[in-house]
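Please read the structure below before turning to the comments.
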Amino acid sequence: MTAAPTAGAGARFAILGADQSPDLLEREVQATWEAEKLFAQLQRERAGGEPWVFFEGPPTANGRPGIHHVFARTIKDLFCRHRAMRGYLVPRKAGWDTHGLPVEIEVEKRLGISGKQDIERLGVEEFNRLCRESVFTYRGEWERLSERMGYWLDYSDPYVTYSNDYVESVWWALSTLHQRELLYRGHKILPYCARCGTSLSSHEVAQGYEDVEDPSVYVALDIVLTNDGPVEQGVDAEGRPRSTRRILVWTTTPWTLVSNTALAVNPSLVYVELRRKSGDSGFTLTLAESRVAGVLGLDWADRWTEVARREGSEMVGWRYRRPIDWLTFDDGDHEVIVGESFVSADDGSGVVHMAPAFGADDYAAGTRHGLAFLQPVDARGRFPETMPRVGGKFVKEADPALIDYLREHGSLWKAGALTHSYPHCWRCRTPLLYYARTSWFVRTTAYRDRMLSRNARVDWHPPEVGSGRFGEWLVNNIDWAISRDRYWGTPLPVWVNDADPTEVEVIGSYAELAQRVGRELGPDFDPHKPFIDAYTWPARSGTGTMRRVPEVIDAWFDSGSMPFAQWHYPFENVELLPQRYPADFIAEGVDQTRGWFYSLLAIATGLGDALPGNGGISSVGDGVTPALPQAAPFRTVVVNDMVLDANGQKMSKSRGNVVNPWDVIERHGVDAVRLFLLASSKVWVPRRFDEDSLRETAGRFLVTLRNVYSGIFAQYANFGWSPSDSAPVYEERPLADRWILSRLTTVEREADELLGDFDATAASNLLMTFVIEDVSNWYVRRNRSRFQSPDGILDAAAFATLHEVLVVTCRLLAPLAPFITDWMHRQLTGKSVHLASYRRAHPPLADPALEAAMAEVRELARLGRAAREEAGIRVRQPLSRVVCVVPPATPSVIHELLPLLREELNVKEVELASSADSLVSLSARPNFRALGIKFGSRTPLAARAVSELDGDSLQVVERGGTVDVTVDGETHPVGLDEVTIQRRATGELVVQEADGRFAAIDPELTTELRSEGLARELVSKVQRTRREMGFAVSDRIRLLVDGDPARIAALREHAEWIASETLTTTLIFGPDWPSGDHAARTLDLDGTSVRVALNRDS
RNA sequence: GGGCCUGUAGCUCAGGUGGUUAGAGCGCACGCCUGAUAAGCGUGAGGUCCGAGGUUCAACUCCUCGCAGGCCCA
């Protein structure tokens, strides 16, 4: 890397060659950062600043980082950098999520084993050792990529969820929740393989769906009590005592009928009660109206007649008699109809049988309605030996016997078969059972409202994720099942008396554990399985031994504990935590909605005032103290969506379209990748990663930035300008300089506000547009000659101006593209951009009038060019004049800017015409918004009347008066508010107009103009020849020109100008060819040939 | 089945609170420039704003119902 320039004479700004690869440059910058320990330096400099707290969501280091990780980390990095540049101290502690199923699966794969039996055969100790080892297989690559992409994070002291300190903090959280009666043992319905004896995780289930044939059974159950009272009893055709009203229920799992405790109807569906027209007409049958034809046949009306219809909500609370009464009810309601919105009328009868032990919906409904819970099936999926008819049978094999039983008792309505997709064990193909398993829960439903109110305080980007995807889901929150029947995880710190399962102790620290077991834990203490299970102690009650439950906890509970566990709180850092909690900012992918975002909120809300400054619950049950404000653990969250491939497809290994971040970084550089990801669309919309698109947007922008710096600024500044040279104060610089400096001030403020508001996309586009349009395409282009051959102090001020523009632009861009900006900033100032302040303390004032006027000039330039195009006259050919009109509100400073327009359009004169000018005619455009308020439904009539106003009337209006228009027979005054006045050119000029502005060129070419055009043409071609011959920019030449006498005469008029433009010391017109070396060319000048010869004047 | 997002030019995307001429970049066509040059600039042609209803004097914008794609959850 080139040494930074020192201020003063002879300063040299390094030039960035066009062939310099971004990758190489960025690696050099990276090396500099490392050598300087720049991140640590920044943190030291900000140490006294107000903290702006960032939480790093810990990645699971068991897979290679992909391009989407680069995306998420760019977002995290850029806001942290921005706030640091604003002066905040932004702690950035790294973290690793190291527990959980993904790690176990990775190890299983590597060992070529699968399933719990295999793991236990291997030994839990060995398995967990391998898990611990594997976690950091990819850690090195994660760190290297993070560094390469410029994601600054303190990796020296990361939090690691498997570490003893971290686990202890998690234990503390669990025991705190337990003290608040928020931890309990309950049931959870899980997909379970009875053969393997294990429950399956959702992604295992997803692998095992197969089409199978299952029974499809309708049973008609007796209704015994409705809202109108008891139902009359009777006997059926076979003489069995039955109720006179029945309800039709459908199931594909007859074996669960043994455990039936309720029926569910959809409260908003319509149900009909039908009676047979003939035959067994002594009873009625109730089912959903929309299912009647499906169940009873399309011709049902021939045989049935409707006796009542009602909404499901009217049936809630009715009582029925269950189909099989072998089991005794325990606590809870039973044989009742409940209302549940999940009940669908797409199949079945619109009435669903509920067995809370065997279905997730059923279980949830059971919890909601306090239903009884009947679970007779053992761990191998069999009914107890003592059960009638099906004793000892595997449940699925018991179906036929149960169907027979129903038939014998007259409750079977019809039995068939149904082919549908059903989950099977992916290992052994056994159909899975949805099974209630004992599980440990956090009673999140007890504080759901608090989670909602805390969530309402979060600044979500975008807001709809917070209110919709997350908020809606919170409303339907159910208790968090935190235990897992697995091996590699934080062990659940729950010890239960083996003689009395109601005696439970939850251990909240290692000291407490040591106290229980009556000895030191020792330096080699490992809280993981299997070691932890060796810690037991005699129960306090005197009988039995306290033994730890076998489960580990959900890894999401680990990561959700990071706000305090990363600091080993409350065992350490008690003073620090109030300054590091809550987070001002987090950012993760939308897939974290129910992951990390939830676990952070659920844990923090449950802990309440056990965390400093967290407010909330101090106890549960009767005593709730809502004293402190209930903040969420994060004040702001930026949610990013996925990165898709160039065709909008999800990246996946099987499709082979996964983008390797290292490859694209090598090709384009990190700055371009970061900018592209941020700028292509709002970060919370899925974006396509298309390298062609990247190249032409972010890539092109960076080339332009480099060109402005190297090709304009550095190249010419190196001829003798230095930052210490005195330049006129801002107010005395040329108007163009004041304009770009004003734009800079405006953009500086806007970019800061946008990033302050977490809108990285708008900030990226603002800055890229500023550099390309305002800096490169207007300021630099129009002032190029001031850099190439500065004449006097006002010209030279361009260097000071562009220097300022580039320095500030680097700062504004630094959070987004940290490499090139740092390189350039060091060249320009000798200092790293990342230690700079984002905004200048005393920028020159913005001049809105100047900016507005320049915008008009640029629009006129566009129109003027279009007019030239239309007239077919190239820009090099000078023209006599252009006549322009701008809106009346245009600031008067525009008059001072007209020289710029004259140069841009290559005309001798620019006239601003007024409305009174003979070139101009006025026309009116109705202002619908204003007219609409006044005229309502007659707006179209009024609009027509307004647009028919003549020029004289409009002049009156323009001066602030009103004129009357007739609308629908009535007269109304119309003023400036209701009409937009437009000017059009009349006469012989070539006109382009838009939105009340126009530019009209005079296409007439005088002899004088023609000869000047010719001279320009010659200069241009001679310049090209010089260049082709390899002359240096400053080389002087001798030039001879010969050709058609009329042309030569025309050129001769401009001899002096030609000579000075081409650095010609001796200019000869005529046929006298010089002796010696020279290059002779025949040039085509405006249709005729001219011969030139030139050589270096040494 | 539920929740949320997206649908605008060939492509990628912008388009507060409804206002009659819907924008940009790329690509394309034509042209300019030729000492930022393995660069730069301009002009132009491209659009039933996914569809159907509705509200309104007026709908890309608001409402309802669909269609297509995506994500998450069942």
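So that the names make sense, note that chain A is the first sequence line, chain B the second, and so on, each numbered from 1.
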* Asked: Between A/Trp460 and A/Phe758, does the ring centre distance come in under 6.0 Å?
  -> no
* Structure fact -> Ranking B/A36, B/U43, B/C26 by distance to the side chain of A/Arg865, first place goes to B/U43
* Output all residues satisfying side-chain contact (heavy atoms from CB on, under 4.5 Å) with A/Leu1063, sequence neighbours left out; order by chain, then residue number. => A/Arg1026, A/Arg1036
* Would you please name every residue forming a ring-ring contact (aromatic ring centres under 6.0 Å, His included) with A/Phe71, sequence neighbours left out? => none
* Heavy-atom closest pair, residues A/Val458 and A/Val637 -> CG1-CG1, 3.7 Å
* To do: With the side chain of A/Arg688 defined as its heavy atoms from C-beta on, choose the nearest nucleotide among B/C11, B/A14, B/U37.
  => B/C11
* Does A/Lys682 come within less than 4.0 Å of A/Asp759, counting only side-chain N to carboxylate O? -> yes
* Structure fact -> Heavy-atom nearest nucleotide on RNA chain B taken for A/Arg938 and for A/Met642; more 5' hit belongs to A/Arg938
* With rounding to whole Å, what would you report as the distance between B/G31 and B/A38 at their P atoms? -> 24 Å
* Counting heavy atoms from C-beta on, name the nucleotide in B/C71, B/U43, B/C57 closest to the side chain of A/Val590. => B/C71
* Okay, side chain of A/Arg868, backbone of A/Leu905: is any donor-acceptor separation there less than 3.5 Å? -> yes
* Identify the nucleotide, in any strand shown, that forms a Watson-Crick or G-U wobble pair with B/C71, with both distances under 3.5 Å; if there is none, say none. => B/G3
* Asked: When the P atoms of B/C62 and B/G46 are considered, how many whole Å apart are they?
  -> 29 Å
* To do: Tell me the partner of B/C11, counting only Watson-Crick (N1-N3 plus N6-O4 or O6-N4) or G-U wobble (N1-O2 and O6-N3) with both under 3.5 Å; none if nothing fits.
  => B/G25
* Whole-Å P distance, B/C49 and B/C33 -> 40 Å
* Structure fact -> Closest to the side chain of A/Arg925, out of B/C41, B/U21, B/U34, is B/U21
Quick one: which protein N/O atoms are closer than 3.5 Å to N/O atoms of nucleotides 3-5 of chain B? Pair and distance per line, please.
| from | atom 1 | to | atom 2 | distance (Å) |
| --- | --- | --- | --- | --- |
| B/G3 | N2 | A/Arg469 | NH2 | 3.4 |

* To do: State which of B/C33, B/A36, B/C71 makes the closest approach to the side chain of A/Val780.
  => B/A36
* For A/Ala1032, which contact category applies under a 4.0 Å heavy-atom criterion: base, sugar-phosphate, or nothing? -> base
* Asked: What is the pairing partner of B/G53, taking Watson-Crick or G-U wobble pairs with both distances under 3.5 Å in any strand?
  -> B/C63
* Under-4.0 Å side-chain N/O to phosphate OP1/OP2 contact, A/Arg700 with B/A36 -> no
* Looking at every strand, decide which applies to A/Tyr598 at a 4.0 Å heavy-atom threshold: base, sugar-phosphate, or nothing. => nothing
* **Span that lies between the P atom of B/C50 and that of B/U12, in whole angstrom** => 14 Å
* Taking atom C1' of B/G40 as reference, at what distance in whole Å does atom CG of A/Asn777 sit? -> 8 Å
* If you look at every strand shown and take non-hydrogen atoms under 4.0 Å, does A/Ser681 touch a base, only sugar-phosphate, or nothing? -> sugar-phosphate
* Phosphate OP1/OP2 of B/C33 contacted by A/Gln1023 side-chain N/O (<4.0 Å) -> no
* Whole angstrom value for the distance that separates P of B/A58 from NZ of A/Lys934 -> 21 Å
* Structure fact -> Quick note, A/Arg862 side chain, CB onward, closest among B/C13, B/U43, B/G40 is B/U43
* To do: Whole angstrom is fine here: how far is it from CD in A/Glu859 over to P in B/G42?
  => 13 Å
* What's the shortest heavy-atom distance between A/Glu696 and A/Arg700, and which atoms? -> O-CB, 3.5 Å
* To do: Could you check whether A/Arg874 gets within reach of a base, just the sugar-phosphate, or nothing at all, counting any heavy atom under 4.0 Å?
  => sugar-phosphate
* Looking at A/Glu904 and A/Arg858, does any basic side-chain N land under 4.0 Å from a carboxylate oxygen? -> no
* Structure fact -> With the side chain defined as heavy atoms from C-beta on, A/Arg929 is closest, among B/U17, B/U43, B/C41, to B/U17
* **Candidate nucleotides B/C30, B/C26, B/C57, ranked by approach to the side chain of A/Thr939 - the nearest** => B/C57
* Candidates B/A36, B/U43, B/U37 - which lies nearest the side chain of A/Ile712 -> B/A36
* Pick base, sugar-phosphate or nothing for A/Phe1031, based on heavy-atom distances below 4.0 Å to the nucleic acid. => base
* Asked: Given the P atoms of B/G47 and B/G23, what is the spacing between them in whole Å?
  -> 14 Å
* Between B/A45 and B/G51, how far is it from one C1' atom to the other, in whole Å? -> 28 Å
* Asked: If you measure from the P atom in B/U56 to the same atom in B/G7, how many Å do you get, rounded?
  -> 27 Å
* **Watson-Crick/G-U partner (both atom distances under 3.5 Å) of B/U34** => none
* Asked: Roughly how far apart, to the nearest Å, are B/G16 and B/A29 at atom C1'?
  -> 37 Å
* Structure fact -> With the side chain defined as heavy atoms from C-beta on, A/Ala866 is closest, among B/G70, B/G44, B/C26, to B/G44
* To do: Indicate, yes or no, whether a donor-acceptor pair under 3.5 Å links the base of B/A36 to the side chain of A/Arg784.
  => yes
* Below 4.0 angstrom, N of the basic side chain to O of the carboxylate: do A/Lys1021 and A/Glu1017 qualify? -> yes
* Base, sugar-phosphate, or nothing for A/Glu870, non-hydrogen atoms under 4.0 angstrom? -> nothing
* To do: Considering just the side-chain nitrogens and oxygens of A/Ser1020, establish if one lies under 4.0 Å of OP1 or OP2 belonging to B/U34.
  => yes
* Looking at every strand, decide which applies to A/Arg868 at a 4.0 Å heavy-atom threshold: base, sugar-phosphate, or nothing. => nothing
* Asked: Would A/Arg876 and A/Ser1020 count as a side chain to side chain donor-acceptor pair (under 3.5 Å) if you check the C-alpha gap in whole Å, the side-chain angles of each, and the deciding distance to 0.1 Å?
  -> CA-CA 9 Å; A/Arg876 199 153 50 197; A/Ser1020 149; 3.0 Å; yes
